[in-house]
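The sequence lines fix the lettering, A, B, ..., with proteins before strands; numbering per chain opens at 1. The structure displayed is predicted, hence computed values, not measured ones.
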Protein chains: 2
Amino acid sequence: MTSRLRKAFFFSLLEAKLDTSGNKRTTIHDLAAAAGVSISTASKALNNTGRMGDETRKRVKRIATEMGFRPNAMARGLLSKRSFTIGLLTNDTYGRFTLPVMAGVSDALLDHGVSVFLCAIEDDPALGQTHVEAMLDKQVDGIIASGKRVDKRLPVDLSNLQVPVVYAFTEGTPDSVTFRSDDAQGARLAVEWLRKLGRRHIVHVTGPEAFFSVRERAAAYREVAGEIEPVMYGIWAESWGHEAVQRIWTRPGGKPDAIFCGNDQIARGVVDALRERGVKVPQDISVVGFDNWEIVAGQTRPPLTTVDMCLKELGRQAGLTVLAMAEGRPVEPGVRKLPCRLVVRQSCGAENLEE
Amino acid sequence: MTSRLRKAFFFSLLEAKLDTSGNKRTTIHDLAAAAGVSISTASKALNNTGRMGDETRKRVKRIATEMGFRPNAMARGLLSKRSFTIGLLTNDTYGRFTLPVMAGVSDALLDHGVSVFLCAIEDDPALGQTHVEAMLDKQVDGIIASGKRVDKRLPVDLSNLQVPVVYAFTEGTPDSVTFRSDDAQGARLAVEWLRKLGRRHIVHVTGPEAFFSVRERAAAYREVAGEIEPVMYGIWAESWGHEAVQRIWTRPGGKPDAIFCGNDQIARGVVDALRERGVKVPQDISVVGFDNWEIVAGQTRPPLTTVDMCLKELGRQAGLTVLAMAEGRPVEPGVRKLPCRLVVRQSCGAENLEE
DNA sequence: TAATTTTGAGAAAAGGTTTTTTCTCTTGAC
DNA sequence: GTCAAGAGAAAAAACCTTTTCTCAAAATTA
């Protein structure tokens with residue numbers, strides 16, 4: 001029996017004895033004792049650092065697995081000044097935009113061992129402040145601010161924090177990093193698709209002109225729609241889709257052969273109103289939505305062809321960026337527009353028309 | 001100049017000098033130096049523990065505020081073995097159920113300084129395992145498992161964890177604490193409301209019989225509906241609502257004067273189908289939904305009267321419970337059913353009928 | 001063979017806080 | 001004038017891990 005092994009034996013007895021007192025977490029101390037090495041050697045073995053015999057390293061790793069040892073993140077963080085934690089701040093209570101963003105962030109960071117605090121502040125500055133302070137107390141490595149509108153700030157000041165901040169789908173401060181979708185490109189995608197299908201008279205029914213996204217999409221529509229009509233601004237609701245159809249069909253003049261809607265809810269209202277009028281979608285008219293909100297786009301009859309803003313990808317990039325900043329890697333400030341993609345379902349009649 | 005003040009002066013100079021190197025966080029050490037007291041005194045002053053002069057305590061607190069000192073959660077957690085952090089595990093990607101639960105949890109725990117990790121595992125056992133391990137690494141004080149169905153387990157084993165686990169809107173292990181809504185009571189609420197409005201012939205159109213909630217709601221329907229018809233089981237989709245109306249109106253026999261639907265989507269399908277048939281809601285027939293999913297219930301024409309499962313309250317209670325367990329307070333295991341409430345909108349014609 | 005390098009592994013410090021223990025005064029009583 | 005009590009505050013230990021430093025032994029070179 002070598003000295004090392006004897007020591008290991010002695011320690012494991014000792015530990016076994018102590019262990020009866022309570023079911024404490026196994027620490028690196030226990031691991032070192034069980035493996036018959038010093039704490040430092042155990043640490044180095046696990047982290048693939050330092051110098052030691054190959055056999056020692058393997059043995060420590062094996063025993064660590066057997067014991068189910070997992071290093072205490074707090075002790076580790078105390079030293080490294082990293083918590084491997086970030087905060088996701090949002091004022092989107094429905095989760096329409098935040099959940100996909102969250103999924104992307106989480107997906108990107110999980111591999112790096114980073115977990116995400118979700119903090120929903122519902123346009124309440126006091127609540128926002130409280131959440132931010134809680135996050136700072138928890139030593140988050142960074143914060144992602146997310147919203148439901150790219151031209152509105154969150155009701156909380158993140159400008160002088162000592163942790164990196166990235167904005168995703170919400171307006172950021174001038175010198176910050178901001179991710180948003182490319183609304184103009186998305187709108188072009190939709191309108192060009194309609195034109196490719198042979199549609200020539202395209203109407204744009206959308207949300208309030210006060211929204212930046214609305215203006216961007218409208219500008220793109222005007223740019224590529226060919227035969228242009230005044231953009232119909234309204235609200236983000238099915239009822240507006242209904243009303244818009246009502247207006248179009250009661251006014252004099254020709255009827256459109258396509259309607260490009262500002263979001264899926266409006267599109268759904270439009271489709272329902274058209275059906276009630278006996279206008280066939282997609283045979284008589286094509287309708288395209290925006291957002292790809294499954295629950296709306298998928299349940300519409302027929303299911304909506306719509307523009308997807310790839311929010312998960314947006315979240316992924318925001319996550320990687322805030323991580324890079326937390327690790328001190330240089331990140332260029334500015335607004336990054338991410339491309340949208342078109343999701344083809346049946347409201348434009350692609351299959352029929354392409355044959 | 002007293003000794004204490006001289007010391008404070010010396011230290012603050014020293015600190016000022018050191019501070020030029022980098023913008024480190026102010027620690028309790030800095031605070032103690034600035035206040036001219038020892039670290040332990042500073043700690044006790046802030047935590048209202050120990051003995052010291054009233055003046056000293058106040059001075060330390062004042063200086064702490066001035067310096068913007070916030071204790072390092074990791075150092076604190078290392079000692080107290082509490083991270084003031086819990087994990088919320090969910091497989092509900094839409095967030096239909098999880099977001100309200102999350103809001104409640106967060107709301108309940110924010111006052112206690114506890115933050116929430118949201119971990120979305122999409123029915124992927126490997127992903128679930130990874131998230132759970134990440135949470136354990138981060139030393140969460142507890143875990144809330146949440147789902148989209150009360151009779152299904154999350155695809156991850158939480159039974160032998162050394163942290164407390166509470167189940168919310170998902171099935172738990174036998175000896176665990178589980179929160180769920182009282183589906184039977186909710187269904188009774190709906191049907192009793194219809195009867196109170198004078199409806200006598202009530203049909204129940206609902207989701208798949210395999211769902212426990214469906215069976216509970218159906219049983220309650222049979223119990224209080226008076227004139228009973230066979231429950232119409234189907235799927236959770238608008239299309240099923242359409243089809244059900246089609247079936248009811250094409251079969252021989254009298255037509256119902258009320259339809260109690262298993263969820264809001266089905267109810268919406270029903271309402272739309274009725275309108276298309278020229279049957280007036282709520283004049284000719286009352287429709288009531290289940291879930292109170294704003295985006296569906298509110299956009300239906302007319303807006304749906306529906307049963308709200310009070311998921312936020314459910315989350316709140318789950319949060320407080322897991323906190324109690326984390327603090328070692330005794331918690332009785334078992335299934336806790338929380339009452340639902342009826343949200344009256346216009347699909348039952350309450351106003352008209354009550355006059 | 002003596003001197004030098006390499007290898008393997010332990011000791012110790014650091015990180016920021018809380019808690020327990022210890023120390024130093026002051027004050028009042030005998 | 002000595003003691004005891006007690007207040008006020010400092011010192012030290014503890015929490016768990018990583019990292020740097022040190023040291024002994026083995027291997028290599030001169």
What is the distance, rounded to the nearest whole Å, between atom CE of B/Met52 and atom P of C/dT19? 13 Å

Here's a test of your reading of the structure: between B/Leu79 and A/Gly50, which maps to the more 5' nucleotide of DNA chain D? B/Leu79

Please state whether the phosphate of C/dT18, meaning OP1 or OP2, lies under 4.0 angstrom from any side-chain nitrogen or oxygen of B/Arg76. yes

B/Thr27 side chain N/O closer than 4.0 Å to the phosphate oxygens (OP1, OP2) of C/dG15? no

With distance as the sole criterion, is a donor-acceptor pair present between the side chains of B/Ser38 and B/Thr41 under 3.5 Å? yes

What integer distance in Å separates B/Leu78:CG from C/dT17:P? 12 Å

Would you state whether a donor and an acceptor, one from the side chain of B/Ser40 and one from the base of D/dA11, lie under 3.5 Å apart? yes

d(CZ, B/Arg51; P, D/dA11) in whole Å: 17 Å

I need the CZ-P distance between A/Phe69 and D/dC16, as an integer number of Å. 10 Å

Do the side-chain N or O atoms of A/Lys44 get closer than 4.0 angstrom to the phosphate oxygens (OP1, OP2) of C/dG8? no

Within-4.5 Å side-chain heavy-atom neighbours: B/Leu320 and B/His112: yes

Interatomic distance where CG belongs to B/Leu46 and C1' belongs to C/dG16 [whole Å]: 13 Å

Taking atom types as modelled and ignoring hydrogens, do the side chains of B/Lys81 and A/Asn72 form a donor-acceptor contact shorter than 3.5 angstrom? no

Pair B/Thr49-B/Lys44, side-chain hydrogen bond (donor to acceptor under 3.5 Å, both in side chains): steps then yes or no: CA-CA 5 Å; B/Thr49 60; B/Lys44 286 183 293 191; over 6 Å; no

Return no unless some side-chain N or O of B/Asn47 is found under 4.0 Å from OP1 or OP2 of C/dT18. yes

Is any side-chain nitrogen or oxygen of A/Thr41 closer than 4.0 Å to OP1 or OP2 of C/dA9? no

To the nearest angstrom, the CG-P distance between A/Asp30 and D/dC15 comes to 11 Å

Does the side chain of A/Asp92 pick up a donor-acceptor pair with the side chain of A/Thr90 at under 3.5 Å? no

To the nearest Å, how far apart are A/Asn72 CG and C/dG15 P? 18 Å

For A/Ser43 and D/dT19, is the shortest distance between a side-chain N/O and OP1 or OP2 below 4.0 Å? no

Just how far, in rounded Å, is C1' of C/dG10 from NE2 of A/His29? 14 Å

